[in-house]
Amino acid sequence: MNTQMPVLKEPERKRKGNKKLLAILILLFAALLAVLFFNSSISKISEIQITGNQYATAAQIGSVIPIAKGDAFFQTSSGAIEAAVKELTQVKEAKVTKIFPGVVKITVTEHPVVAFELTADGALSALLSSGTSVAAPKDGAGLMNKPVLTGWEQEDPVKLELTKQLALIPEKQLSDLSEISPIPSKAYPDRIRMFTRTKFEVITAVSVLPEKIEALNAVIETQEPGKITMLLADTYVPFSSEGENVESGS
């Protein structure tokens with residue numbers, strides 16, 4: 001009896017050629033979609049929103065940012081835009097948020113106003129903590145709780161350092177300062193005279209102001225109006241005793 005062996009079927013060959021063709025078609029289709037997308041209006045910047053700015057104008061910000069309406073939405077990074085805005089002396093921080101499709105939102109935080117300045121022609125300008133001078137608000141907002149600087153040269157480096165130090169003074173203490181003027185000496189080129197709204201006259205120096213401000217506040221809160229000197233040594237003389245000395249000497 002003859003037994004026939006079953007015929008073994010050869011395994012079907014994988015159609016590698018078909019798979020390669022499909023992959024190529026998919027890549028071509030994706031490339032076509034990318035070309036269509038980047039050439040369409042949906043991939044372009046349609047709106048640039050700027051918020052939080054008061055002293056840096058929208059025109060100034062627009063002139064420094066590396067983007068404009070119609071540019072590619074993904075072409076410039078948020079970090080590059082933020083760095084450009086922070087180059088403006090009025091700006092302390094900047095945050096950029098991209099909202100697809102087409103909207104770029106720039107939120108600005110400016111250096112705070114620490115003082116006002118009366119110029120030689122009688123105009124009033126606002127001084128930021130960065131030392132930048134800007135036009136004061138027309139409504140005089142903030143004038144009653146910030147000191148006014150008088151008698152300063154426009155490019156005086158001591159004035160720049162003063163604005164930085166004023167930014168470190170708590171709001172309550174800063175609001176009591178009414179006027180600050182320079183009275184330099186050989187020992188203290190940065191010596192200043194300050195008048196307070198609580199009727200004190202203070203002689204000190206910009207370089208020691210941060211370390212003296214707490215002691216100054218303690219004197220103002222506990223003593224009657226007078227003259228305070230805070231340099232190498234601290235002294236306090238009430239105005240009433242000065243008047244008594246004048247009378248006794250006459």
For this session: Using a strict 4.0 Å threshold on nitrogen-to-oxygen distance, state whether Lys86 and Glu93 make a salt bridge.
Result: yes
Problem set entry | Nearest-0.5 Å distance, CD1 of residue Ile169 to CG of residue Leu216 | 8.5 Å
Exercise. For Gln154, does its backbone N or O pair with a side-chain atom of Lys159 as donor and acceptor, under 3.5 Å?
Worked result: yes
Exercise. Any donor-acceptor pair under 3.5 Å linking the side chain of Tyr55 with the backbone of Val113?
Worked result: no
For this session: Give the C-alpha distance, both sets of side-chain angles, the deciding distance and a yes or no for salt bridge (Lys or Arg N to Asp or Glu O under 4.0 Å) between Glu179 and Arg197.
Result: CA-CA 9 Å; Glu179 182 182 346; Arg197 291 183 171 86; over 6 Å; no
Exercise. Any donor and acceptor pair, going by atom type alone, linking the side chain of Glu82 with main-chain N or O of Val96 inside 3.5 Å?
Worked result: yes
Exercise. Is Ser130 reaching over with its side chain to a backbone N or O of Thr89, donor-acceptor style, under 3.5 angstrom?
Worked result: yes
For this session: Answer yes or no: does atom CD of Glu153 have more than 12 heavy-atom neighbours from other residues, nucleotides or ligands under 6.0 Å?
Result: no
For this session: Check whether Val64 and Ile67 end up in the same hydrophobic cluster, where Ile, Leu, Val, Met, Phe, Trp and Tyr are linked by side-chain heavy atoms less than 4.5 Å apart.
Result: yes
Seminar exercise, completed: Note: Ile183 and Arg191 closest approach over all heavy atoms is O-NE, 2.7 Å
Exercise. Are more than 12 heavy atoms from other residues, nucleotides or ligands located less than 6.0 Å from atom NZ of Lys98?
Worked result: yes
Exercise. For Tyr236 and Pro225, which heavy atoms make the closest approach, and how far apart are they?
Worked result: OH-O, 4.3 Å
Exercise. Taking atom CD of Gln173 and atom CD of Glu221, what is their separation to the nearest 0.5 Å?
Worked result: 7.5 Å
Problem set entry | Between Ser133 and Glu117: side-chain donor-acceptor atoms closer than 3.5 Å | no
Problem set entry | Gln54 backbone acceptor or donor facing Glu110 side chain under 3.5 Å | yes
Problem set entry | Test item: Arg193 side-chain N/O and Glu201 main-chain N/O as donor-acceptor pair under 3.5 Å | no
For this session: Examine distances only and state if a side-chain atom of Trp152 and a backbone atom of Val158 form a donor-acceptor pair shorter than 3.5 Å.
Result: no
Exercise. Does atom CD of Glu155 have more than 12 heavy-atom neighbours from other groups under 6.0 Å away?
Worked result: no
For this session: Can you label the angle between the Phe100 ring and the Phe74 ring as parallel, tilted or perpendicular, going by 30° and 60°?
Result: parallel
Exercise. At what distance, to the nearest 0.5 angstrom, does CZ of Phe116 lie from CG of Leu127?
Worked result: 9.0 Å
Exercise. Has the side chain of Asp71 got a donor or acceptor atom that lies under 3.5 Å from a matching backbone atom of Ala68?
Worked result: yes
Problem set entry | More than 12 heavy atoms of other groups within 6.0 Å of Lys92 NZ | no
For this session: Search all heavy atoms of Val91 against all heavy atoms of His111 and return the closest pair with its distance.
Result: O-NE2, 3.2 Å
